[in-house]
Each structure stands twice: as structure tokens, then as C-alpha cells.
Participant: 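Can you read through this structure? Questions will come right after.
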Amino acid sequence: EAQVTQNPRYLITVTGKKLTVTCSQNMNHEYMSWYRQDPGLGLRQIYYSMNVEVTDKGDVPEGYKVSRKEKRNFPLILESPSPNQTSLYFCASSPTGRARMDRTGQFFGPGTRLTVL
Amino acid sequence: LAKTTQPISMDSYEGQEVNITCSHNNIATNDYITWYQQFPSQGPRFIIQGYKTKVTNEVASLFIPADRKSSTLSLPRVSLSDTAVYYCLVGSGSARQLTFGSGTQLTVLP
């Protein structure tokens with residue numbers, strides 16, 4: 001089954017404790033992205049990757065890191081989490097990241113609900 | 001980056017046709033219009049995408065007038081399970097421009 005998986009689905013942690021949220025897709029997509037969703041603010045893009053070893057900042061990259069060493073994986077790293085990073089996080093992928101070619105849009109993962117105390 | 005404006009919420013009844021309009025006055029020549037659906041605590045799901053005129057698939061139709069400054073998502077005969085948030089996105093070749101707005105909360109009533 002074609003899918004985007006995220007782990008963990010739920011995480012409660014404390015300020016300053018490094019964490020990684022994993023994202024994996026099995027569709028051989030070039031493009032992957034991370035979003036956070038907060039009430040009243042919609043979905044905001046954190047980082048995206050157009051291909052292996054190619055990453056760039058989205059709208060809200062502060063406090064986050066990413067890496068793209070393999071095509072299928074795109075982990076989100078919080079080196080020193082803070083309470084304002086409490087949010088619902090989504091990973092997404094699409095074939096190319098270009099609307100005119102990705103006629104089926106982005107595929108989203110199930111989400112990771114993170115709470116930073 | 002084309003900004004989009006949608007109604008915050010809409011109510012409808014089962015069996016009715018629902019039309020959700022999105023305004024994107026500064027859409028660029030290369031921009032495509034994409035609509036997503038999101039249920040609570042789930043990731044958005046692609047519904048339909050278009051560039052101009054009308055596009056139809058098995059779940060919805062997308063109407064885009066000649067000036068492309070707006071678009072209308074049409075959901076035929078909605079059911080309770082269509083209650084969700086619907087997002088309109090405008091973007092072209094750069095993934096950097098895939099910005100979601102606040103969306104429209106559609107509530108389908110029995």
C-alpha cells in the first residue's frame with residue numbers, strides 16, 4: 001500500500017531533550033516536506049526536500065533540522081525542544097513537488113502530536 | 001506567492017450540492033489550483049487540481065473562470081462524512097509556494 005508513515009504518533013517530552021520524528025514514504029517520491037498545524041494558524045511548512053541531499057527552509061524553520069540521506073526517509077529533528085513547538089506535525093511527499101506534474105498533489109502522513117512540557 | 005481567501009465555515013444538509021469558492025486575485029500564469037480535504041487529526045488529502053475551465057473527477061468538480069482569480073470546488077450530494085476542512089492552494093513549480101491557508105470548515109447536517 002502506498003503510504004507515508006510517521007513515528008511516533010504521540011510524544012510527550014520535556015524542554016531541551018533532543019528528539020527525532022521519523023518520516024518514510026514507499027512511493028519513490030522525490031519531494032518530501034514537514035508541516036506543523038496549530039489552531040487558528042492552519043498548516044505551516046517547516047522544511048522541504050526536493051531530492052536526496054537537497055533541503056530548504058519553509059515558512060517556520062527555526063528550532064528544527066532535517067536531513068535527506070535516502071530518498072524514502074526525511075526525519076525531523078528538534079535539537080532543543082521548547083513548549084512553543086507543541087503542535088501536530090505532518091510529513092508529506094509528492095512525485096516532484098511541482099504542481100503541474102504532481103497531478104495527485106501531496107500525500108500526507110497520519111501526523112505526530114508532540115507536547116513539550 | 002498567491003494568497004487565497006476562503007469562507008471560514010459553511011453549513012449544508014445531506015444530499016445537497018455544496019460550492020466552496022476560493023479567491024486568488026494575484027494568481028500567476030504558471031500557478032495551478034489544488035484543493036485538499038482534512039478530517040480532524042488526519043493529514044490533508046488531495047481532492048482535485050486544475051489550471052483553467054472545469055475539471056471533474058469521481059468526488060468533485062472544480063470550476064475556474066477565464067480570469068482565474070477565483071475557483072469553486074463543487075461537492076455533489078454531500079453526506080455527513082464530507083464534514084471536514086477544505087483548503088484551496090495556489091502554486092506552480094516551486095514547492096516553497098505550497099502554503100495552506102486557514103481553510104473552510106464544512107459541516108454537513110442530517
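Just so it is clear, the model here is predicted, and its values are computed rather than measured.
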Participant: Could you tell me whether B/Phe39 atom CZ has more than 12 heavy atoms of other residues or ligands within 6.0 Å of it?
Facilitator: yes
Participant: Report the option among A/Thr104, A/Leu41, A/Val4, A/Leu88 that has the most heavy-atom pairs separated by less than 4.5 Å from atoms of chain B.
Facilitator: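 Maximum pair count with chain B is reached by A/Thr104.
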Participant: Got more than 12 heavy atoms from elsewhere within 6.0 Å of CD1, B/Ile8?
Facilitator: no
Participant: Given that the side chain runs from C-beta out, which part of A/Arg44 has a heavy atom under 4.5 Å from chain B: side chain, backbone, both or neither?
Facilitator: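 The answer is neither part of A/Arg44.
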Participant: Measuring from B/Phe46:CZ to A/Phe107:CZ, what's the distance to the nearest 0.5 Å?
Facilitator: 8.5 Å
Participant: Check the hydrophobic clustering (I, L, V, M, F, W, Y; side-chain heavy atoms under 4.5 Å; chains of links allowed) and say if B/Phe63 and B/Trp35 are grouped together.
Facilitator: no
Participant: Which atom pair, heavy atoms only, marks the closest approach of A/Gln106 to B/Tyr36?
Facilitator: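 So the minimum-distance heavy-atom pair works out to N-OH, 2.8 Å.
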Participant: Considering only heavy atoms, which portion of A/Gln37 lies under 4.5 Å from any heavy atom of chain B: side chain, backbone, both, or neither?
Facilitator: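 It is the side chain, since no backbone atom gets that close.
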Participant: If you count every heavy atom of other residues, nucleotides or ligands that lies below 6.0 Å from A/Ile12 atom CD1, does the total exceed 12?
Facilitator: no
Participant: Say whether B/Tyr86 and B/Val59 are linked into one hydrophobic cluster, either directly or through other cluster members, by side-chain heavy-atom distances under 4.5 angstrom.
Facilitator: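 Same hydrophobic cluster.
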Participant: Which atoms of B/Tyr87 come close to chain A, meaning under 4.5 Å heavy atom to heavy atom: side chain ones, backbone ones, both, or neither?
Facilitator: side chain
